[in-house]
Amino acid sequence: AIYVRVVHSPGDCHDVTHVYFFTTGLGLLVSWLGWQVLHVIIPCLLTYAVMCSFRPSLLRTAVTFCGPLAHLLWGFVSMGSDSFHLGWMAPACISAQAMFTVNMDLTDHLIPEEKKNADQKKLSLAAVPSLLPFLGYTFNPMTSLVGPLINIKEYDHFVRGVHLNDFDSRKYSLAWRSLRASLICIVESTIMFTGLFIGSRVLPSSFFLGDEFMEYNLVSRILLFALHTLLDFGKYIGVWKLLEAASCVSTLGYSGSDHNGPAFHLCRQAHLGSLLFAKSCLMYSVKFNCATHRYIKRYIFKRLAFLGNWYVSLFLSTLYISIWHGIHFGYMWAFLVSEFFILFVEIRYVTVVQNLTGVHSLSSLSLPVRILLRAILMVYTHLSVSSGYIGMSFLNRHDVLLVAGRLCFYCHAVGGVLLLVYLVLPAHLKVSPVSQKRKIS
């Protein structure tokens, strides 16, 4: 990132930049995970050949979607264990996303202009990019290691330097602004890694499988695992923030200007403040792993609108996320059994609570009441999230069910009771999926 920013600035020789990103990205993957990661080049080249050989069609979309995904799943199945296969998942997951987005952006170009949404108008591609930009985009080291994901058009704007056309150099210093954004990310990463280090010593995952854990009462066990979840998230957010820092230094992460001046949020994967003070699981899911959420929203969820059922679209999107992460019971638990279930209950009860209380915004309440309700909602959010994180911590079915049982399936038990209560509520209090569609999107 520093080399790109200082030596080879955006807008210089494009081919050299593409080659640099391809070789450095692939080199980092090899140095980090070994030569086995080179397997990811095969589906990449095959997908590119399909895009060049066939016109945009349902068949081409199916091939570019199912091909890399099948390669990804074949790797998970062939390894056949309950461990986390970082050497397979890290490059294959991100490249599968990248290849599919290129094809969908090409397909979106065929949609009449008046029927395109804002994302399609901004990101659709008129022609298949040449091979060098495609490889540079897919293996860009700032976005191919563990995310975050950007679109090839955004990558192309960065390489050509046009992403800075609206930057006011007379009012702001690009060097200082990008450096400041990068330093903030590094500080946040340090905080998360520190929390991870403390958590791994005080509350390791093995602690929740031992007999000592059962010496605590139920409330203490739930709170201890919620604390473990909060600290253990550092292994994700810490790495994401380092990559975000690199994108800020290189200016790849420049996202335009807001009320605070130039912003560098394009490659943001997690908003630390919003996560810590999230008031709902919906807000948490949006602010955690932002790039994947944006990808699912643009290319999976919205494309399922033809099914005519909002919840079916949400279920299939969540199913895709769990399969995309790997063939493990833990991922099914985290995303389908927990995240989908919690969001299903939460979204239905938002309007119920609003209709019962007449309160549609916390800002309309007095300050003491607002603080109290925010604290209650924050506790609810982190406890709910930790219930799903059981699957991420213990991937195999035995350990997931053991820990969930030790916590008495608290989140699912409460959610089940709420759904039974929901069935007997008056019709005028119930949530309509249509009324919530715009809000959730």
Side-chain angles (χ1 to χ4, degrees), residues 208 218 221-223 225-226 228-230 233 275 278-289 292-293 296-297 300-301 304 307 309-354 376-425 429-437 439-441:
F208 301 97
L218 178 60
R221 294 200 299 270
I222 293 174
L223 293 177
F225 193 81
H228 164 75
T229 301
L230 185 63
F233 269 148
L275 288 177
K279 298 177 294 183
S280 67
C281 293
L282 173 59
M283 178 184 293
Y284 202 102
S285 66
V286 171
K287 297 299 182 181
F288 181 82
N289 207 350
T292 301
H293 176 271
I296 295 297
K297 173 185 172 182
I300 305 294
F301 180 79
L304 296 173
L307 296 174
N309 189 299
W310 189 91
Y311 286 108
V312 172
S313 299
L314 178 62
F315 174 81
L316 292 177
S317 300
T318 312
L319 175 63
Y320 169 78
I321 295 176
S322 63
I323 295 175
W324 176 74
H325 274 83
I327 306 297
H328 293 300
F329 178 83
Y331 292 128
M332 292 293 180
W333 174 275
F335 296 107
L336 280 180
V337 180
S338 298
E339 182 178 4
F340 172 77
F341 176 75
I342 292 169
L343 290 179
F344 182 85
V345 176
E346 179 180 284
I347 293 167
R348 286 182 173 269
Y349 264 89
V350 168
T351 299
V352 171
V353 173
Q354 289 177 343
I376 294 174
L377 291 174
M378 284 169 52
V379 172
Y380 147 76
T381 300
H382 286 286
L383 291 181
S384 300
V385 169
S386 66
S387 174
Y389 193 69
I390 296 173
M392 302 290 285
S393 291
F394 312 95
L395 294 179
N396 68 80
R397 182 174 59 87
H398 175 269
D399 291 347
V400 170
L401 294 179
L402 174 63
V403 175
R406 289 181 168 188
L407 300 177
C408 296
F409 300 91
Y410 66 95
C411 192
H412 301 82
V414 173
V417 172
L418 289 176
L419 282 181
L420 292 176
V421 173
Y422 178 84
L423 293 176
V424 300
L425 289 175
L429 293 178
K430 293 184 178 181
V431 176
S432 169
V434 176
S435 67
Q436 292 296 310
K437 183 176 180 180
K439 181 175 181 178
I440 190 79
S441 296

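Please read all numbers here as calculations on a predicted model, not as lab measurements.
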Can you give me the closest heavy-atom contact between G416 and F341, atom names plus distance? N-CZ, 3.7 Å

Mind checking what makes ring-ring contact (aromatic ring centres under 6.0 Å, His included) contact with F394, not counting sequence neighbours? none

Answer yes or no: is there a donor N or O on one side and an acceptor on the other, between the side chain of W333 and the main chain of S387, under 3.5 Å? yes

Going by heavy atoms in the side chains, are H382 and T229 under 4.5 Å from each other? no

Grab the two heavy atoms, one from S384 and one from I342, that are nearest each other, plus how far apart they are. O-CD1, 3.4 Å

Can you confirm whether L383 sits close enough to C411 that some side-chain heavy atom of one is under 4.5 Å from a side-chain heavy atom of the other? no

Restricting to ring-ring contact (aromatic ring centres under 6.0 Å, His included), what partner residues turn up for F208, sequence neighbours left out? F213, F225, H228

Could I get the full list of side chain to side chain donor-acceptor pair (under 3.5 Å) partners for T292, not counting sequence neighbours? N289

Would you name the heavy atoms of G391 and V400 that are closest together and state the gap between them? CA-CG2, 4.0 Å

Relative to the ring of W310, is the ring of F301 parallel (under 30°), tilted (30 to 60°) or perpendicular (over 60°)? perpendicular

For the residue pair I390 and L407, establish whether any side-chain heavy-atom pair is separated by less than 4.5 Å. yes

Return the CG to CD distance between L418 and E346, rounded to the nearest 0.5 Å. 11.0 Å

CD1/I300 to OG1/T318 distance, rounded to the nearest 0.5 angstrom? 11.0 Å

Under 4.5 Å between any side-chain heavy atoms of L218 and R406, yes or no? no

Under the side chain to side chain contact (heavy atoms under 4.5 Å, CB included) rule, collect the residues that match up with F315, sequence neighbours excluded. L336, F340

Non-hydrogen atoms of T381 and S280 that approach each other most closely: OG1-N, 3.1 Å

Hey, does the Lys NZ or Arg CZ of R348 hover above the aromatic six-ring of Y311, less than 6.0 Å from the centre and inside 45° of the axis? yes

So do the side chains of F288 and V385 get within less than 4.5 Å of each other, counting heavy atoms only? no

Here the pair of heavy atoms bringing L377 nearest to K279 is CB-O, 3.5 Å

Using side chain to side chain contact (heavy atoms under 4.5 Å, CB included) as the criterion, list what pairs up with V353, not counting sequence neighbours. T357

Taking the side chain as everything from C-beta on, heavy atoms only, tell me whether H412 gets closer than 4.5 Å to S338. yes

So, taking the atom named OH in Y320 and the one named NE2 in H325, what distance separates them when rounded to the nearest 0.5 Å? 10.0 Å

Quick check: do L316 and L307 have side-chain heavy atoms less than 4.5 Å from each other? yes

Just to verify, what does Y389 make a ring-ring contact (aromatic ring centres under 6.0 Å, His included) with, not counting sequence neighbours? F233

State the OG-CD1 distance between S285 and I321, to the nearest 0.5 angstrom. 8.5 Å

Could you pull out the closest heavy-atom pair between C281 and Y380, with the gap in Å? SG-OH, 3.9 Å

Going by distance alone, is a donor N or O of one side chain under 3.5 Å from an acceptor N or O of the other, for E339 and Y284? no

